[in-house]
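A short write-up of the structure that comes next.
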Amino acid sequence: MNQRNTVSAYFSDNKSEAGHGQRSVRGGAVSLAARAVNAAIQIGSVLFLARLLSPEDYGLVSMVAAITGFATALVDLGTRDAIVQRARITEGEISALFWITLAIGCGFALITAACGPVIAWFYGEPRLAMIAAISATTFIMSALTCQHYALLRRAMKFRELGMIEVVANLCSAAIAVTIAFRGLHYWALVVRPIALTTLLAVGLWVRCHWVPGKPTMTSGVKEMVKFGLHTGGFTFTDYIGRSGDKVAIGYRSGPKPLGYYQNASFIYDNLLDVLVYPLHSVAVSSLSKVRDDLKEFRRLWSKALSTLAFYATPAFGLLAVTSRDLVVLLLGTKWSNAGVLLSILALRGIPHTIERTLGWLHVSAGRSDRWMRYGVVAVCVQMVALFFGLPFGPKGVAIAYVISMFILFIPAIAYAGRPMGIGARDVIRVVWRQLAGTLIAAAIGFVLRYTLLANASAIARTAGLTVAYIALYLVAVVGLLRVRMPVGVVLKLVRDALPGRFARFVKTPGFIDRHSFEHI
């Protein structure tokens, strides 16, 4: 009986309830915490794997992943967001989506395995055929997770999702490190995503309790598939933009330079994954419930974007300043070239954290068609950037991508927000102070690195730059530009999470309006 009640909760009407705003904030905090733990696991495993494996090992696996990786993102046809966004769903409709998704996953697996020899021929590297064939199983396991993941998101079960992801990530990392220790080289990188998706599937099925049954092909299924195809269209074009650089560098320069670029991208993507991507699920779930109340919609969006920008943009600015030393300290001197590339790529992350929130608006407004159209424009801009940067090698590509993102990010959010009355001025009003503080602190940090701290040890220089950067950012943004609401958001989360006898010690800072603090 209890299990049946749990399942029925996934199929209730999608509307806001009392305390919805605070519940959303807590969900975001839980998701960020889970991703932070996952990032720590990822970084810890990289510390082992990067010393056991060579840049060539990373380059080989990246060559296959850059071509085949889009299939994992497309296997659900984008219906996960459609399930979360839709006002009403039935078990029969979700069962129909499950069987469609599973068929597509199996199809992608067969195509990927069959294309292994073609991939090997394209790069002139025979080992890639077997890598592609084994990697194909990831698509089937991914297909088994899509609807269960979406149902837990719809019910805002972010704590449960976080636990499942952390356990799966930890176990798959342990498996990969064990394989590397046994001297199987790049197979450690091949097996890890297979192990991860398999463990996720097991955890989601056990926690969700829902079992697919007889499919019901209704107009609702067709609408969700249509919505999802538009979302999938964006995912596909976005994947081309994110993987085109790796395909081009691998084809032009070979596996070793690609290995450096891949590990720099890996660290960059992991930080972006921790700070931005977990909030997509929370934001879409939250904003979808208030989309009929435009005033409340814009208020929640503004608060969320301002808080994200306050914490995420300076993280990338700090990474840009410290990455050359940080990569050598963490991965060893053989990866020093990756540190140089990461220092450049991190500058891209400053606007990229803002641009990645465009899905909050497109999906919650029910306009995935506009999201797909933006994806076409964005990939064209990135391909132009790749064309001009590639002759100068990986470093030239990284610089070109930084420039293209600074051009794209404000138009991207303004276009996404147009159906909800959000324009470029609204975006600039919300984030300009955080961006200004980040760029000022980064500029001064680079000056310090190459002048006063030029002769310091790598550890001392990293520590000194971190302290100086954080102090400069807080003085500029909190002190001079008076951005204080995000500080209140975090303090309120801490106070609510602590037991009563400890919570009373978390006081409202004098520079934050108490009324605003209580209504965050």
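Since the structure is predicted, the reported quantities are computational estimates derived from the model, not experimental observations.
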Distance in Å, [X] [atom1] paired with [Y] [atom2], rounded so as to fall on 0.5 Å steps:
X: I140; Y: C106; atom1: CD1; atom2: SG; result: 4.5 Å
X: E91; Y: W210; atom1: CD; atom2: CH2; result: 7.5 Å
X: I94; Y: T216; atom1: CD1; atom2: OG1; result: 10.5 Å
X: C146; Y: L97; atom1: SG; atom2: CG; result: 10.0 Å
X: W301; Y: S306; atom1: CH2; atom2: OG; result: 9.5 Å
X: I344; Y: I399; atom1: CD1; atom2: CD1; result: 4.5 Å

Give the minimum heavy-atom separation between [X] and [Y], together with the two atoms involved.
X: A309; Y: P314; value: O-CD, 3.5 Å
X: A264; Y: L341; value: CB-CB, 3.9 Å
X: T138; Y: P193; value: CG2-O, 4.1 Å
X: W371; Y: G359; value: CZ2-CA, 3.6 Å
X: A248; Y: L390; value: CB-CD2, 3.8 Å
X: A385; Y: A400; value: O-CB, 3.2 Å

Report yes or no: does [X] contribute a side-chain atom to a donor-acceptor pair with the main-chain N or O of [Y] at less than 3.5 Å?
X: S243; Y: I240; result: no
X: T357; Y: W360; result: no
X: E93; Y: T90; result: yes
X: T112; Y: A109; result: no
X: W99; Y: G213; result: yes

Any non-hydrogen side-chain atom of [X] less than 4.5 Å from a side-chain atom of [Y]?
X: I350; Y: F409; answer: no
X: V290; Y: L300; answer: yes
X: E165; Y: M163; answer: no
X: S95; Y: K214; answer: no
X: T137; Y: M141; answer: no
X: I131; Y: W187; answer: yes
X: H352; Y: Y268; answer: yes
X: T145; Y: T197; answer: no

Fill in: Verdict with reasoning, Y186 to V191, per side-chain contact (heavy atoms from CB on, under 4.5 Å)
CA-CA 9 Å; Y186 54 82; V191 169; over 6 Å; no
Worksheet item: Does atom CH2 of W121 have more than 12 heavy-atom neighbours from other groups under 6.0 Å away?
Response: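 Atom CH2 in W121 is not crowded, with 12 or fewer foreign heavy atoms closer than 6.0 Å.
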Worksheet item: Which residues satisfy the side chain to side chain donor-acceptor pair (under 3.5 Å) test with R192, sequence neighbours excluded?
Response: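 Side chain to side chain donor-acceptor pair (under 3.5 Å) list for R192, sorted by chain: Q42, S45, N169.
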Discussion item. Using the side chain to side chain donor-acceptor pair (under 3.5 Å) criterion, which residues pair with T101? Sequence neighbours excluded.
Written reply: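 Once residues adjacent in sequence are excluded, the partners of T101 under the side chain to side chain donor-acceptor pair (under 3.5 Å) criterion are Q147.
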Under 3.5 Å, side-chain donor or acceptor atoms of residues 374-384 against the rest of the protein: list the pairs with distances, not counting sequence neighbours.
residue : atom : partner : partner atom : Å
Y374    : OH   : E355    : OE2          : 2.7

Fill in: Candidate pair Q434 and V483, rule side-chain contact (heavy atoms from CB on, under 4.5 Å), full reasoning
CA-CA 8 Å; Q434 296 93 318; V483 178; 4.1 Å; yes
Discussion item. Does the plane of the ring in F108 sit parallel, tilted or perpendicular to the ring in F139? Use 30° and 60° as the thresholds.
Written reply: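 F108 and F139: perpendicular rings.
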Please set out all donor-acceptor pairs under 3.5 angstrom arising from side-chain atoms of residues 415-432, sequence neighbours excluded.
residue : atom : partner : partner atom : Å
Y415    : OH   : R373    : NE           : 3.4
D426    : OD2  : G423    : N            : 2.8

Fill in: F266/N263 under side-chain contact (heavy atoms from CB on, under 4.5 Å): CA gap, chis, key distance, verdict
CA-CA 5 Å; F266 173 83; N263 250 10; 4.3 Å; yes
Practice prompt. Give the C-alpha distance, both sets of side-chain angles, the deciding distance and a yes or no for side-chain hydrogen bond (donor to acceptor under 3.5 Å, both in side chains) between Y401 and D245.
Written response: CA-CA 9 Å; Y401 271 32; D245 52 347; 4.5 Å; no
Discussion item. Working note: I164 + Y149, criterion side-chain contact (heavy atoms from CB on, under 4.5 Å); need CA distance, chi angles, decisive distance, verdict.
Written reply: CA-CA 10 Å; I164 293 169; Y149 190 91; over 6 Å; no
Fill in: Y251: ring-ring contact (aromatic ring centres under 6.0 Å, His included) partners, not counting sequence neighbours
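F122.
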Worksheet entry | Summary of salt bridge (Lys or Arg N to Asp or Glu O under 4.0 Å) pairs that have at least one residue in residues 112-129, sequence neighbours excluded |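 Passing the test, one end in residues 112-129: E56-R127, E125-R127.
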